[in-house]
Trainee: 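The structure that follows is given in the form of structure tokens.
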Protein chains: 2
Amino acid sequence: MIQLRKDTDLAFFLLRHFLKQPKGFQTSAKSLSESLNLPYPTVSKILKVLNKNSVLESVQGSKGGYGLGAVYEEFSVGQLIEMIEGPIALTACTSSTEQNCVSQAFCGVHPHMELMNRVIRDALMALPLSYLVNKPQRYPKKQEVTAFWKQYFDEGNRV
Amino acid sequence: MIQLRKDTDLAFFLLRHFLKQPKGFQTSAKSLSESLNLPYPTVSKILKVLNKNSVLESVQGSKGGYGLGAVYEEFSVGQLIEMIEGPIALTACTSSTEQNCVSQAFCGVHPHMELMNRVIRDALMALPLSYLVNKPQRYPKKQEVTAFWKQYFDEGNRV
DNA sequence: TCATATAGTACCGTTTTAGTACTATATATT
DNA sequence: AATATATAGTACTAAAACGGTACTATATGA
Ligand code: FES
Ligand code: FES
């Protein structure tokens with residue numbers, strides 16, 4: 001299904017809550033989990049990762065909690081995905097040293113996989129996190145997307 | 001990792017072998033599995049699915065085997081993925097009746113997920129199967145991809 | 001000193017995936 | 001008609017990934 005993991009989905013859900021609050025808003029993982037009716041350990045685990053990557057910032061101890069990081073605007077949807085579940089890689093062999101398939105060196109599909117992966121990854125990296133609270137003006141028609149890629153992929157040299 | 005399943009990967013690998021052969025070429029799953037040094041049941045299972053979806057055509061019985069379907073050119077990379085592993089859906093709630101997340105009706109992330117999914121799905125649907133044997137003229141620079149999506153997603157109305 | 005928060009680690013049950021085995025059906029050859 | 005060989009379809013099993021839980025350590029305000 002090329003499906004995101006559940007915790008990645010939840011990360012978007014949680015982050016949106018922070019994005020919707022006024023700047024400087026801070027809350028604890030516990031209260032957040034209670035108000036959203038979600039298991040605390042799950043919420044906590046995700047917020048910890050976001051904090052580690054500077055999307056959120058944390059204050060420990062009593063009266064502590066999480067708030068939006070100062071530089072959160074630098075990150076994209078694609079980056080958030082990679083923070084939670086690792087590199088966006090269509091196959092195990094993509095963007096890594098591991099071998100998949102039959103043999104990376106002789107696998108004729110490999111270079112095409114790499115590019116397919118870029119198609120997806122670049123698109124997700126192009127989406128700023130602000131997209132989670134900003135409604136796009138409009139979404140491109142399927143035909144527009146097709147036309148965009150067509151100029152690059154169609155009618156190349158047989159390989 | 002947003003990773004394709006191994007059998008999908010293998011489907012591309014196998015299909016490429018057919019695409020590289022001259023038109024009308026036909027071979028059995030058994031001989032193909034032997035020449036590629038892959039387990040026969042796995043190869044067989046995948047070819048069956050491709051046949052069912054008219055990407056390949058089959059002849060049963062002795063001297064039978066698989067060959068490229070007459071209408072294989074109609075299909076895209078995205079369609080092939082969906083044949084093997086079902087709908088391209090970033091979350092369980094995307095493009096289905098199932099509920100994921102907290103509640104689809106009240107989940108503020110949901111409409112954004114739907115669009116993210118289209119970003120990926122449309123891109124893969126725009127790639128013709130011929131791409132597996134045709135080398136693209138060139139690949140768009142990351143900046144070009146970003147610019148394409150930026151005109152749609154950037155600076156929308158806060159929602 | 002204590003209460004309460006984040007930070008980090010380790011574990012286990014469930015689900016999905018990958019691979020295997022087996023049976024049924026179709027067709028060319030003998 | 002019998003047989004060999006191919007696809008078609010189903011059922012099962014072992015392994016890996018995922019989701020969730022529990023527990024411990026550390027930091028800080030009251
Ligand atoms: S080795 Fe990478 S796709 Fe085959
Ligand atoms: S219900 Fe679809 S993303 Fe939350």
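In this text the structure is predicted, and so the values were computed from the model without any measurement.
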Trainee: Whole Å only: how far is the CD1 atom of I2(B) from the C1' atom of dA17(D)?
Mentor: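 About 16 Å, once rounded to whole Å.
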Trainee: L50(B) and M83(B): which non-hydrogen atoms are nearest, and at how many Å?
Mentor: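 Nearest heavy atoms, L50(B) then M83(B): CD2-SD, 4.5 Å.
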Trainee: Would you indicate, yes or no, if dA4(D) has its OP1 or OP2 atom less than 4.0 angstrom from a side-chain nitrogen or oxygen of K63(B)?
Mentor: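 Indeed not, no polar side-chain atom of K63(B) lies that close.
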Trainee: If you assign G61(A) and D7(A) each to the DNA chain D nucleotide with the nearest heavy atom, which residue ends up on the more 5' nucleotide?
Mentor: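 Closer to the 5' end of DNA chain D: D7(A).
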Trainee: May I ask you to verify if any side-chain N or O of K45(A) is less than 4.0 angstrom from the OP1 or OP2 atom of dT6(C)?
Mentor: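 For dT6(C), OP1/OP2 do not have a side-chain N/O of K45(A) under 4.0 Å.
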Trainee: When you measure from the side-chain N and O atoms of R5(A) to the phosphate of dA17(D), is any distance below 4.0 Å, counting only OP1 and OP2?
Mentor: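 The answer is no; no side-chain N or O of R5(A) sits under 4.0 Å from OP1 or OP2.
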Trainee: Checking E73(B) now: which residues fulfil salt bridge (Lys or Arg N to Asp or Glu O under 4.0 Å) with it, not counting sequence neighbours?
Mentor: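 Result, salt bridge (Lys or Arg N to Asp or Glu O under 4.0 Å) vs E73(B): none returned.
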Trainee: Given atom CD of Q26(B) and atom P of dA6(D), what is their separation to the nearest angstrom?
Mentor: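 Q26(B) atom CD is separated from dA6(D) atom P by 12 Å.
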Trainee: Ignoring backbone atoms, test whether Y66(B) places a side-chain nitrogen or oxygen under 4.0 Å from the OP1 or OP2 oxygen of dA8(D).
Mentor: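 Yes, Y66(B) has a side-chain N/O under 4.0 Å of OP1/OP2 on dA8(D).
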Trainee: So, OP1 or OP2 of dT6(C): does either fall under 4.0 Å of a side-chain N or O from N51(A)?
Mentor: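 False: N51(A) side-chain N/O out of range (4.0 Å or more) of dT6(C) OP1/OP2.
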Trainee: Taking NZ from K48(A) and P from dT26(D), how many angstroms apart are they, rounded to a whole number?
Mentor: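 About 14 Å, once rounded to whole Å.
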Trainee: Say whether, by atom type as modelled, one donor and one acceptor occur between the side chain of Q79(B) and the main chain of S76(B) under 3.5 angstrom.
Mentor: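 Checked: pair present.
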Trainee: Would you mind checking if K30(A) and E34(A) are paired as a salt bridge, meaning a charged N to carboxylate O distance below 4.0 Å?
Mentor: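 Counted as a salt bridge, because a side-chain N and a carboxylate O are separated by less than 4.0 Å.
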Trainee: Between Q3(A) (CD) and dG19(D) (C1'), how many Å, whole number?
Mentor: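 Nearest whole value for this atom pair: 13 Å.
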Trainee: Identify whether any heavy atom of P41(A) sits under 4.0 Å from a base atom; if not, whether one sits that close to sugar-phosphate; answer base, sugar-phosphate or nothing.
Mentor: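 The residue P41(A) makes base contact.
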Trainee: Starting the side chain at C-beta, find the nucleotide from dT6(C), dA28(C), dG19(D) nearest to S62(B).
Mentor: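 Out of dT6(C), dA28(C), dG19(D), the nucleotide with an atom closest to S62(B)'s side chain is dA28(C).
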Trainee: Taking all non-hydrogen atoms of both residues into account, name the closest pair between F13(A) and V109(B) and its distance.
Mentor: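 Here F13(A) and V109(B) meet closest at CA-CG2, 3.4 Å.
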Trainee: Would you please confirm or rule out a distance under 4.0 Å between OP1 or OP2 of dT6(C) and any side-chain N or O of Y40(A)?
Mentor: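 For dT6(C), OP1 or OP2 has a side-chain N or O of Y40(A) closer than 4.0 Å.
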Trainee: Nearest whole Å is fine: how far is dT5(D) P from L32(B) CG?
Mentor: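 The answer, rounded to whole Å, is 19 Å.
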Trainee: Rounded to whole angstroms, how far apart are CD on Q60(B) and P on dT23(C)?
Mentor: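 After rounding, the gap between these two atoms is 19 Å.
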Trainee: Quickly work out the E57(A) CD to dA7(C) C1' distance and round it to whole Å.
Mentor: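 Nearest whole value for this atom pair: 16 Å.
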Trainee: To the nearest Å, give me how far apart CD1 (I46(A)) and P (dC18(D)) are.
Mentor: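 Going from CD1 in I46(A) over to P in dC18(D) covers 14 Å.
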